[in-house]
Each structure stands twice: as structure tokens, then as C-alpha cells.
J.: 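Got a structure for you, written out below as C-alpha cells; questions coming shortly.
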2 protein chains.
Amino acid sequence: MKYSKQRELILKTLQDNPIHPTADEIYQLLRCELPTISLGTVYRNLNQLSESGEVMKITGLDGSVHFDHNTYQHYHFICNKCNKVYDIPAELVPNIMTTVAEQTRMHISECELVLKGLCRDCQKLN
Amino acid sequence: MKYSKQRELILKTLQDNPIHPTADEIYQLLRCELPTISLGTVYRNLNQLSESGEVMKITGLDGSVHFDHNTYQHYHFICNKCNKVYDIPAELVPNIMTTVAEQTRMHISECELVLKGLCRDCQKLN
DNA sequence: AACAATAATAGTAATCATTACTACTTTTGA
DNA sequence: TCAAAAGTAGTAATGATTACTATTATTGTT
């Protein structure tokens, strides 16, 4: 992987905006700083970065794919009202991968968990 | 919801083919039996049926949405090699929803878990 | 510093999954 | 039998993502 200014800025934007943005949201954020950047470049780089483990790809949230600068093992919660995405640290979740692997004899290498409901802020507003 | 032959056949096709098909796969399966059915009808009905809880919608597997005739609470495993989708009964998975709800004070109403890896059949082929 | 190989880019077109729209048809309950 | 409501087929439109291409930037080597 060769250096590119675009990739550096994409990574930086993701780190500075820990809101689990989509490719398009990152693109919009970047256009101020680098107006010539193209959406395809954002997609290509995010996919590369998630391949190489530098960012995390989150699916299953809504239609589109989101990205996360936090690459430690963790899970996600999305609020049905405000649509904000929250991190759920892996420590808060009972061990899933090894338990299921033991019981099913599958080789499990990835585990994606998405919880949905009402976040604390939105609970108050009722 | 009014009765329709199309909806009945869509539900039956899903029940007879517990392979977690996509809308398009159901459409292809149905075309033999009812060649005039339209893909839009399949989508509309699957969405209705999943709204009413008669089928389960699975996201986070790959790009597209899959459907499951099994509406009991359960999770999924997708094999990275053969791409087959397996059911993981909820009983095999440590209780996630209440544990996380207690610790985070979020109201959790849905929980989607997707495990990925190598299924037992594909492990043998190595 | 100049250079060639290779990777990356912008911009656009193409693809895939899904939804929206519309005129017509079925279902249903009075 | 009939009208209201819901459903349908077929097509067009949308949204997210990838593919393609000619040009540009990076990098290791002379």
C-alpha cells in the first residue's frame, strides 16, 4: 500500500469523527478540506483500510455500511429514535464466540452484534 | 392484510426452502410456479410479513437482506467458504440482551448476531 | 536529480438491491 | 351485486457501491 494524502485524510476524518459515519458521510466531511476528492476514492480506501484492519466495517445497522475508527473488539447499539450508534465494549457482553464455537464445532473468526432499542437520551424524552 | 395468492406462495416458498433466501432468490424459485409474479411483489410481501412477525429479516450477512421462515429467537452463522447460512439457536448463546441492558441502561428490543467462519463441512475439505 | 514501475486518483459510467409509481385486478364485507 | 380497500404486474426511479479509464503521485533505483 503506497502512501496517499487522500487515505491519510480519510483515516484522520474517521478518527476525528467517532460517529460511525458511512462512506458518503466521510466524503461530505472531507469535501471542505479537499474539494476534489472523489466518492470512489473514499470507498476504495475505506475498504482497503478495513481489509488491513486499520478501521472496522459495521454492517447490519441500517441499509448502508458504516465505519468505525475503534478497532478493538466491540459491538454496537443503534437507537431506533435518534439513529445514533453507540459502542458496546466487548467486556459488557458474555463471551459469545468461544461458547458457540465449542457447542457447534464451527470455526468462528468474526462476530458482529447489533443491538437496537431506545438510548438513554431518547428514553428521557418520552 | 387481505389474502393474496402471491403472498401465500411467497410464505410457502420460504418455508419449503429453509436456506435463508434473499428476495430475489425467492422470486427465482417462484417463477416456475407463477411466472407472472413480479419482484416488487416479492419485496413488498416479504417486508409486510416481517413487519407482522410471520418471517424474520436477516441483515448483516452480506450486502443483501435474507429472510428466514424460523421466527423463534435465534442467530446466524455464515460460512466464509460456502456462504451457507446456519441457524444458531438462542439457547447456545449466553444471554446478551438483558446483560447489556442492565449494564448500559439502554432499552434493548432487538438483537442481531452474525457469526462468520468455517462451517464443519468446509473444515473437512482442507 | 531523473526514471520507470506501480499504485492511487478523479470523474464518470455501470451494477445491484430495493423502493416508488401507476393503471389494472382481487378480495372482502355489506 | 357492488363499491371500497388492498394487492398486483410492470416499469421507472433511487441509493449505495463498484468498475473503468486516462491521468497523476509515490517509491525505490540508477
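Chain A is the first sequence line, chain B the second, and so forth, proteins listed ahead of strands; every chain is numbered from 1. Only a predicted model underlies this, so the values are computations on that prediction, with no experimental measurement involved.
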J.: Answer whether the closest heavy-atom distance between the side chains of F67(A) and K57(A) falls below 4.5 Å.
T.: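 Heavy-atom side-chain distance check passes, below 4.5 Å.
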J.: Is the shortest side-chain N/O distance from N47(A) to OP1 or OP2 of dT17(D) below 4.0 Å?
T.: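 False: N47(A) side-chain N/O out of range (4.0 Å or more) of dT17(D) OP1/OP2.
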J.: Would you please confirm or rule out a distance under 4.0 Å between OP1 or OP2 of dT19(C) and any side-chain N or O of Y43(B)?
T.: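 The answer is no; no side-chain N or O of Y43(B) sits under 4.0 Å from OP1 or OP2.
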J.: Specify the separation, in whole Å, of atom CZ of R7(B) and atom C1' of dT26(C).
T.: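 Distance, rounded to whole Å: 12 Å.
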J.: Return the value, rounded to whole Å, for the distance between atom CD of E8(B) and atom C1' of dT26(C).
T.: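 Those two atoms, CD and C1', are 14 Å apart.
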J.: Measure the spacing between CE of M56(B) and OG1 of T71(B) and express it to the nearest 0.5 Å.
T.: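 So the CE of M56(B) and the OG1 of T71(B) are separated by 6.5 Å.
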J.: I'd like a table of atom pairs between the protein and nucleotides 27-30 of chain D - only N or O on both sides, under 3.5 Å - with the distance next to each one.
T.:
residue : atom : partner : partner atom : Å
dT27(D) : OP1  : Y3(A)   : N            : 3.4

J.: Return yes if a side-chain donor-acceptor contact under 3.5 Å exists between H69(A) and N17(A), otherwise no.
T.: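 Per modelled atom types, H69(A) and N17(A) side chains form no pair under 3.5 Å.
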J.: If the condition is salt bridge (charged side-chain N to carboxylate O under 4.0 Å, His left out), which residues does K12(B) pass it with, not counting sequence neighbours?
T.: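 Only D16(B) meet the salt bridge (charged side-chain N to carboxylate O under 4.0 Å, His left out) criterion with K12(B).
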J.: If you define the side chain from C-beta out and look only at heavy atoms, does anything of L11(B) sit under 4.5 Å from R7(B)?
T.: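 No, their side chains stay 4.5 Å or more apart.
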J.: Just the rounded figure in Å: distance from C1' of dT27(C) to CD of Q6(B).
T.: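 Answer to the nearest Å: 12 Å.
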J.: Which of residues 75-87 of chain A have a heavy atom under 4.0 Å from DNA chain C?
T.: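 Contacts with DNA chain C under 4.0 Å: none.
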J.: Are the side chains of M1(B) and E51(B) in contact, using a 4.5 Å heavy-atom criterion?
T.: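 Result no, sub-4.5 Å side-chain heavy-atom pair not found.
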J.: E25(B) side chain to T22(B) main-chain N or O, any donor-acceptor pair under 3.5 Å?
T.: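 Yes.
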J.: Determine to 10° how strongly the helix from dA1(C)-dT30(D) to dA30(C)-dT1(D) is bent, judged from the axes of its five-pair ends.
T.: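 Angle reported: 30°, given to the nearest ten degrees.
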J.: Kindly indicate whether the side chain of D68(B), heavy atoms from C-beta on, has any atom under 4.5 Å from the side chain of D87(B).
T.: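 Yes, close enough: below the 4.5 Å cut-off.
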J.: So, using side chain to side chain donor-acceptor pair (under 3.5 Å) as the criterion, who are the partners of Q73(B) when residues are at least two apart?
T.: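 So Q73(B) forms a side chain to side chain donor-acceptor pair (under 3.5 Å) with Y75(B).
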J.: To the nearest angstrom, how far is L46(A) atom CG from dA16(D) atom C1'?
T.: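 These atoms are roughly 13 Å apart.
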J.: Could you give the CG-to-P distance, from L9(B) to dG7(D), as a whole number of Å?
T.: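 Nearest whole value for this atom pair: 16 Å.
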J.: Hey, what are the protein-to-nucleotides 10-14 of chain D N/O distances that come in under 3.5 Å?
T.:
residue : atom : partner : partner atom : Å
dG10(D) : OP2  : T36(B)  : O            : 3.2
dG10(D) : N7   : S38(B)  : OG           : 3.4

J.: Are V114(B) and E110(A) close enough that some pair of their side-chain heavy atoms sits under 4.5 Å apart?
T.: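 They are not in side-chain contact.
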J.: Excluding sequence neighbours, so at least two apart, what forms side chain to side chain donor-acceptor pair (under 3.5 Å) with Y27(B)?
T.: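 By the side chain to side chain donor-acceptor pair (under 3.5 Å) rule, Y27(B) matches no residue at all.
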J.: I need the CG-P distance between N45(A) and dT26(D), as an integer number of Å.
T.: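 Answer to the nearest Å: 13 Å.
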J.: In whole angstrom, what separates Q48(B)'s CD from dG7(D)'s C1'?
T.: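 Rounded to the whole Å, the gap is 8 Å.
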J.: For the atom pair NE2 (H20(A)) and CG (L61(A)), what is the distance rounded to the nearest 0.5 Å?
T.: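 Reported value, rounded in 0.5 Å steps: 8.0 Å.
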J.: Among all residues two or more places apart in sequence or in another chain, which pass the ring-ring contact (aromatic ring centres under 6.0 Å, His included) test with H66(B)?
T.: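 If we apply the ring-ring contact (aromatic ring centres under 6.0 Å, His included) test to H66(B), skipping adjacent residues, there are no hits.
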J.: Output the residues of residues 16-29 of chain A in contact with DNA chain C, where contact means a heavy atom of the residue under 4.0 Å from an atom of the strand; sort by number or write none.
T.: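 Per residue number, the list is empty: none.
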J.: Do V42(B) and L46(B) have side chains that approach each other closer than 4.5 Å (heavy atoms only, starting at C-beta)?
T.: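 Side-chain contact under 4.5 Å: yes.
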J.: Contact list please: residues 63-71 of chain B against DNA chain C, heavy atoms, distance less than 4.0 Å, in numerical order.
T.: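 Heavy-atom contacts with DNA chain C come from S64(B), V65(B).
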J.: The criterion is ring-ring contact (aromatic ring centres under 6.0 Å, His included); which residues satisfy it with H74(B), sequence neighbours excluded?
T.: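 Scan of H74(B) (ring-ring contact (aromatic ring centres under 6.0 Å, His included), adjacent residues dropped) gives H76(B).
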J.: Test of understanding: with side chain to side chain donor-acceptor pair (under 3.5 Å), list the residues that count as partners of E112(B), not counting sequence neighbours.
T.: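 Counting only residues at least two positions away or on another chain, E112(B) forms a side chain to side chain donor-acceptor pair (under 3.5 Å) with T59(B).
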J.: Go through C82(A) and D121(A) one step at a time and tell me if the side-chain contact (heavy atoms from CB on, under 4.5 Å) criterion holds.
T.: CA-CA 9 Å; C82(A) 65; D121(A) 290 347; over 6 Å; no
J.: Do the side chains of M106(B) and L115(A) get nearer than 4.5 Å, heavy atoms only?
T.: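 The answer is no; the side chains never approach within 4.5 Å.
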J.: Do the non-hydrogen side-chain atoms of C111(A) and L113(B) ever get within less than 4.5 Å of each other?
T.: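 C111(A) reaches L113(B) side chain to side chain.
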J.: What integer distance in Å separates I58(B):CD1 from dT18(C):C1'?
T.: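 Atom CD1 in I58(B) sits about 17 Å away from atom C1' in dT18(C).
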